[in-house]
S.K.: 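I'd like to ask you about the structure that follows.
Heavy-atom basis, side chains included; hydrogens, waters and symmetry copies ignored.
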Amino acid sequence: MTLERAIALVFVVVCVVYGYTAFVVMEASLLPFERNMTFLPNVLPKWLSIIGALVGLAVMVQSGAGVGNGADVDDIDVGNLRQYKLGQAVTLLALMVAYALLLRPVGFVATTTLFLILGAVILGERRYVLLVPVSVLAAFLIWYLVQEVLGIFLRPWPWFL
């Protein structure tokens, strides 16, 4: 199985689970007055899951077309997994979990800034003079847009402030 097909398969599985949540779980939790509305809260997740699954299936079908008889260059070499930088991937996944767990107690601005800085360092960025101000600015800008423009409350500072 090529790397493209493996990623597309994972993407299709995620879209199917997301679609199940949108079609079954969210549908059951709709309020009585929401059931008669034209545009429901679960319409966008339904369409995203359908389109995502179709795109993933298209990638699975089309990737590898026109491949010769020999072994494909994109095949996953299970015997040599170290070439795929699994350490970076696992560290980034751990950083994402830490971000999700620390978001409420530490606050959005500090957690997002740390996530952006540490994620960039893990991926190899070494220009700290540029990295830190851009991360702080991005965290504040995202917080401002979500809080003030969209009107969704995000705790910007740690719980003790």
Side-chain angles (χ1 to χ4, degrees), residues 1-104 108 111-125 134-135 137-154:
M1 176 179 285
T2 64
L3 183 60
E4 288 178 359
R5 285 186 177 171
I7 292 172
L9 178 64
V10 170
F11 187 71
V12 167
V13 169
V14 168
C15 287
V16 167
V17 170
Y18 187 59
Y20 175 79
T21 304
F23 279 96
V24 178
V25 177
M26 288 179 71
E27 191 80 29
S29 65
L30 288 176
L31 298 173
F33 68 88
E34 290 178 329
R35 295 180 195 270
N36 298 326
M37 293 171 53
T38 305
F39 190 78
L40 300 174
N42 63 346
V43 169
L44 184 63
K46 285 180 180 180
W47 280 103
L48 285 176
S49 65
I50 292 170
I51 292 170
L54 290 175
V55 167
L57 288 172
V59 170
M60 286 177 59
V61 169
Q62 289 182 352
S63 69
V67 175
N69 295 335
D72 192 23
V73 177
D74 290 337
D75 283 347
I76 297 175
D77 185 13
V78 181
N80 193 9
L81 286 178
R82 292 183 183 180
Q83 72 179 2
Y84 297 114
K85 298 184 181 181
L86 288 177
Q88 280 184 341
V90 170
T91 308
L92 280 174
L93 288 173
L95 184 63
M96 289 179 204
V97 170
Y99 176 76
L101 294 175
L102 294 174
L103 193 57
R104 282 185 179 230
F108 180 81
T111 308
T112 304
T113 301
L114 287 173
F115 175 76
L116 291 173
I117 291 171
L118 292 175
V121 169
I122 290 169
L123 292 174
E125 181 61 46
V134 167
S135 297
L137 181 67
F140 272 109
L141 185 64
I142 293 168
W143 171 80
Y144 179 78
L145 288 174
V146 171
Q147 176 82 22
E148 302 300 327
V149 176
L150 294 177
I152 300 171
F153 176 72
L154 284 175

S.K.: If every non-hydrogen atom of Val61 is compared with every non-hydrogen atom of Arg5, which pair is closest and at what distance?
M.R.: O-NH2, 4.1 Å
S.K.: Restricting to non-hydrogen atoms, name the atom on Gly56 and the atom on Ala8 that form the minimum distance, rounded to 0.1 Å.
M.R.: O-CB, 3.6 Å
S.K.: Between Pro45 and Tyr18, which heavy-atom pair has the shortest distance, and what is it?
M.R.: CB-OH, 3.5 Å
S.K.: Kindly indicate whether the side chain of Leu95, heavy atoms from C-beta on, has any atom under 4.5 Å from the side chain of Thr91.
M.R.: no
S.K.: Restricting to non-hydrogen atoms, name the atom on Leu116 and the atom on Ser135 that form the minimum distance, rounded to 0.1 Å.
M.R.: CB-OG, 3.6 Å
S.K.: Looking only at heavy atoms, which two atoms of Asn42 and Ala22 are closest? And how far apart?
M.R.: ND2-O, 3.2 Å
S.K.: For Phe108, does its backbone N or O pair with a side-chain atom of Thr111 as donor and acceptor, under 3.5 Å?
M.R.: no
S.K.: Flag the pair Phe140 / Thr112 as yes when at least one side-chain heavy-atom distance between them is below 4.5 Å, and no otherwise.
M.R.: no
S.K.: Is the closest side-chain heavy-atom distance between Ile50 and Phe23 below 4.5 Å?
M.R.: yes
S.K.: For residues Lys46 and Glu27, report the shortest heavy-atom separation together with the two atoms involved.
M.R.: NZ-OE1, 3.1 Å
S.K.: Between OG1 of Thr113 and CH2 of Trp143, what distance do you get to the nearest 0.5 Å?
M.R.: 12.5 Å
S.K.: Measuring only between side-chain heavy atoms, which start at C-beta, is Leu123 closer than 4.5 Å to Leu92?
M.R.: yes
